[in-house]
Structures are given as structure tokens and as C-alpha cells.
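Below: one structure, written as C-alpha cells.
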Number of protein chains: 2
Amino acid sequence: MGTTQLESVPEPKYWHLKTVLSEALDSEFSVGEILPNERDLAARFGVARATLRQALEQLELEGRLQRRRGVGTTVAPPRVGVAVGTQQHAWPEATGDVWQAVDCTLAAPPAAVAAALETRPDEAVYTVRRSRVSHGQPVAAELLYVPESSVPDLSAIDAPSGPARARAVLRELERLQLEGRDSAVELGSARADDAKELDRLPGAPVLVVTTRFLADGRTAALSVATYRADTCRLTFGDSGGVEIHQGPERQAS
Amino acid sequence: MGTTQLESVPEPKYWHLKTVLSEALDSEFSVGEILPNERDLAARFGVARATLRQALEQLELEGRLQRRRGVGTTVAPPRVGVAVGTQQHAWPEATGDVWQAVDCTLAAPPAAVAAALETRPDEAVYTVRRSRVSHGQPVAAELLYVPESSVPDLSAIDAPSGPARARAVLRELERLQLEGRDSAVELGSARADDAKELDRLPGAPVLVVTTRFLADGRTAALSVATYRADTCRLTFGDSGGVEIHQGPERQAS
DNA sequence: TAGTGGTCTAGACCACTCA
DNA sequence: GAGTGGTCTAGACCACTAT
């Protein structure tokens, strides 16, 4: 057969498409610009819409695109670097403007949380819900679990409800001598409640940062923070963190 | 039609499927067990294969499943915790068995790397390729960029080729006084070469850890490590890192 | 109401693994 | 060669946003 070039390893169409689009984004589009709609793009490249969508999904996963139902697909700005655990021995900041307390409940925690906290499954635990905003966009939703025994001086009277109670718990927590912290990062998909708070659809890819705060020789608090994977770059360590935007990515094929 | 329950917020089928499958995995399957094939599963749940696949993809993203072409879908073991930057002031280990040197070249680096290294774009940089294995599985592929000026005493004679040269570069690097390191974690998709090394298909989700090593008041080396997102939990900090496996995940709906 | 992305279907063929 | 997951098509309808 007179195929022009016999590809030894035939690249999937969507993969090739992704490369082409990626280069077009670099050279022909600027941040915030709206792309043609999916039906037009698919027709232009001569593929089915599902195939085009596979390419767009990857580009969205890599933080190059932003898609919103009813609106369209736009070129995403570079990922924002969010500091995570810069200070090895700092409590989750109660004040400052990065985290905003949303709510606080007192109840028995999920079994997995109780295990990580090394509390009895029936011991009541404060669950503080916070959200983090950066550059005007919501970037993370956090659940902070604080065993009642970590904040013994907190009385229900001090903390009547909601955000006020959350702040009271955080204030009490800071009185403890923090000895260290452990973190872990893994990929997850947004639960319905987190997705809503992050302005994404359920199932959207997120980076889950689990942090254990150690004080008095035990786990004094546990934070499970869910970051938008499409828009965030988590930075650790002394200073700001490295930014490498690989630019036009050439496929080795 | 006599639909049993009129869902006020109709959950997508694939989302509901994912929940059902997730529960089945918890209660009826054990690690390593093979699931029925996709065509059978789709028929059993009364959905198109594409819809079923959407659910499976999510579960794979969350590290619950492992799929291999030509073989089948199996229940994945819990994610392995891999230590990343446990020691704030440690060079990338040259010895030890976690990282294995694969290759080493000396050439002008990509522009983005040169910028992060603060070298002239034409300055030659050693590119050390290493792979990391954990529990017998490849978990990460790394490119370590070391400017020639960081290892001035290295001569071509010391390092004839391949892995030997890579080890020589690492040895020289360790002689510098390390002042600190910066890391950043973000979501990416595997390039073709990394995918091959990680035993995944191109485009597979990966956690990209970019680390800058500081010595002599400048960036002495830059590491770009690509971790399998499906099998890895990256741990930072003093000790091992937290493990929270949420178990059966109840959807708030 | 028009236009967007999100979901879903019922097929088809391909690339790969393994007996 | 049989069976698996991976890719692709050409439709359809739905949920959401803006006007």
C-alpha cells in the first residue's frame, strides 16, 4: 500500500492531536482566549468529537486548558504555586488570609481518621472545614480533624457555631507545642462536596495533601486538604519552589 | 415510566457505577483478583462499554484498579508511600538502592531547564537519567540536570559512558556543600519515554516532582522526577507520612 | 432560546498477551 | 488464535450559561 510513511509505532490520533493543539496554544493563543467549540474543532481536524475530547481532557489535566459547561474552552493561565508545609514546625495558620474557616462540627470521625489520629473510634473530634483562595480562585478545601483532647480548654460556650467555633478551635490548637509534621501527597478525584467548593465537577482530579501534626508525643491534629490539580502546583521547602513550564513538548514517538 | 425514585439531581451513570464498583471492591474482591472483562461488566450493569470504562478510569486514577491491555483488570494493592525530600539538606542519593542510574549525557539543556538553572542557554549540562524501584515495581523516572560548572573536577576520562558516568557525576555533586532544596509537585501526563520506563501507556497520570538543589548560593542541580500517580503516595517530612485509605467512600450526592 | 460542554450509546477495529 | 483492554466513530440527548 502506498501509505506515505509507514509508522512503525502508530501514534493514537488523540495523542497526535494533543501535540498539535499544544503547539497551537503556545504559538497562536494567549491566556484566557476562547477556543473554537468542540464540534468545530473536531470537524476541522477530521476526527469524531469523542476523539477530540480525549485530547482536550489531557490538556486540561496538564493545566493548559480550562473548560466550562455552557461557556466554552479557554486557555488556562500557568499554574499557581501554593505553599504547602513551608514551615516544618508551624500549625495550620489560624489567621492570615490564605485559609478561610467555613464551618466546624463536633462528632465521631470516620474510622480511617480515628485510626490515623490514634483515638478511640467513639471519641469526639472537631472537624473544621476551611477553604483556601489564591489569586481570587478557590484552590483547596480542607478538613481539619482535631480530637477534643487536643483542645481541652475549649468550651462550647466559647464557640457557639460555624466559623466562630472553627476559629476558636484553631486558636486553642496553637497553644500546643508543635513537635513536627508529616505530609503525604496523592492523586484523587473530587468528592461531590469538595468539587462544589472548588468550582469543579465531581470526579475532577485533585491533589490530596494529608498532614499529621505532632505534639505532646502524639498526633494532635490531622489535615486532609484537597487541591485542584489542574490549577495548582504545590511547593515545599525553603523558598518558593521551582517553576518549569516545559513549553512546546516534543514527542519522542 | 415507573421509575422507582425520581432523582432530584440525576447522578451521571458512570459516577453511580463507580460508587457501586468501589463498594464491591471493598467487600467482594481481594487485592490482585481479576475482575470480569469490560464487555461482561457493561452488560451486567446494562450500560455501554464506554460508560463502564469511564467508571473504571476513575477507579484506576484513584489507585483502586490496575488495567493491562491483553491481560485484564485487577484490584490494585494500596498505594506505596515513597519518601520525597525527607531530608531537607540531602543530595539526591548517589548510592543506596532506591535510585538506579541509567544513563548520562552532556549537552545543552532545554530552554526551560537552563532558565531554572540560571545557566546560559548554551552551557553544557549533564543529564543523568535514573529510575526508582519500590517493592519490585518501577515507580519513578528522573532527569537530573547538573551544570558542568557544578562538577568542575569531573573529566571525561573518569566517566567513560552510561551508568558509570552517571555515578561519577553524582559522586562529584556530593562534594558540594548543600544549602537547601526547593520542591514542587504537580500533576502531569507521562511522556512516551517516561511511560515506557514506568510500564504505563503514554499520557498516564503522573506526579511531577521538581527539585532545585542549592549550593554555593546558586542552583547547583535540578531534578525532574516523574512518579506513577496511580501507585504512589509521596511522603514529605520527618517520618513516614500518613496513610488514610478512606475505605468505602460514601457519596454525599 | 441558542450555544456550550457533559453524558451516553452501539457498534467497529486495533494492539497486546498468553496459552 | 482467543481474549483482553485501547482507540475511534457518528450519532443522540442532557445540563448549564448567557443573551
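Order of the sequence lines sets the chain letters (A, B, ...), proteins ahead of strands, with each chain counted from 1. No experiment lies behind these values; they were computed from the predicted model shown.
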Open item on the list: What is the distance, to the nearest angstrom, from the CD atom on A:Glu60 to the C1' atom on C:dT4?
Closed with: 14 Å
- [ ] Select base, sugar-phosphate, or nothing to describe what A:Leu201 touches, counting heavy atoms under 4.0 Å on all strands.
- [x] sugar-phosphate
- [ ] Could you say whether A:Ala50 or A:Thr73 is positioned toward the 5' end of DNA chain C, judged by the nucleotide with the nearest heavy atom to each?
- [x] A:Thr73
TODO: Could you go through the side chain to side chain contact (heavy atoms under 4.5 Å, CB included) check for B:Gln137 and B:Val80 one step at a time?
DONE: CA-CA 10 Å; B:Gln137 297 280 354; B:Val80 297; over 6 Å; no
Open item on the list: Please compare A:Gly46 and B:Gly70 by the position of their nearest nucleotide in DNA chain D and report the one closer to 5'.
Closed with: B:Gly70
Task: Distance, nearest 0.5 Å, that separates OG1 of A:Thr105 from CZ of A:Arg165 - done: 7.5 Å
Open item on the list: Using a 4.0 Å cut-off on heavy atoms, which residues in residues 29-42 of chain B reach DNA chain C? List them by number, or say none.
Closed with: B:Arg39
Task: Point-to-point distance, once rounded to the nearest 0.5 Å, from OG1 of B:Thr211 to CG of B:Leu222 - done: 8.0 Å
Task: Straight-line distance of B:Leu35 CG to B:Leu59 CG, nearest 0.5 Å - done: 9.0 Å
- [ ] Mind jotting down which residue pairs meet the side-chain hydrogen bond (donor to acceptor under 3.5 Å, both in side chains) criterion with at least one end in residues 195-204 of chain B? Sequence neighbours excluded, please.
- [x] B:Glu60-B:Arg200, B:Arg129-B:Glu197, B:Arg200-B:Asp230
TODO: Sequence neighbours left out, what pairs pass side-chain hydrogen bond (donor to acceptor under 3.5 Å, both in side chains) with at least one residue falling in residues 43-54 of chain B?
DONE: B:Glu38-B:Arg49, B:Glu38-B:Arg53
Task: Residues that B:Glu33 engages under side chain to side chain donor-acceptor pair (under 3.5 Å), provided they are two or more places apart - done: B:Ser30
TODO: Please lay out, stage by stage, how A:Tyr227 and A:Arg132 fare under the test side chain to side chain donor-acceptor pair (under 3.5 Å).
DONE: CA-CA 9 Å; A:Tyr227 288 82; A:Arg132 183 170 181 167; 3.0 Å; yes
Open item on the list: For the CG atom of B:Leu234 and the CG atom of A:Leu234, what is their distance to the nearest 0.5 Å?
Closed with: 10.0 Å
TODO: Mind grabbing the angle between the end helix axes of the helix from C:dT1-D:dA18 to C:dC18-D:dG1? Five pairs an end, 10° rounding.
DONE: 10°
TODO: Take atom CZ of B:Arg68 and atom C1' of C:dC18, then tell me their distance rounded to the nearest Å.
DONE: 12 Å
Task: Spacing of CZ belonging to A:Arg228 relative to CZ belonging to A:Arg79, to within rounding of 0.5 Å - done: 11.0 Å
Task: Nearest-0.5 Å distance that lies between atom CD in A:Gln58 and atom OG in A:Ser22 - done: 11.0 Å
Task: Positional range of nucleotides in DNA chain D within the contact set of chain B, heavy-atom, under 4.0 Å - done: D:dG3 to D:dA15
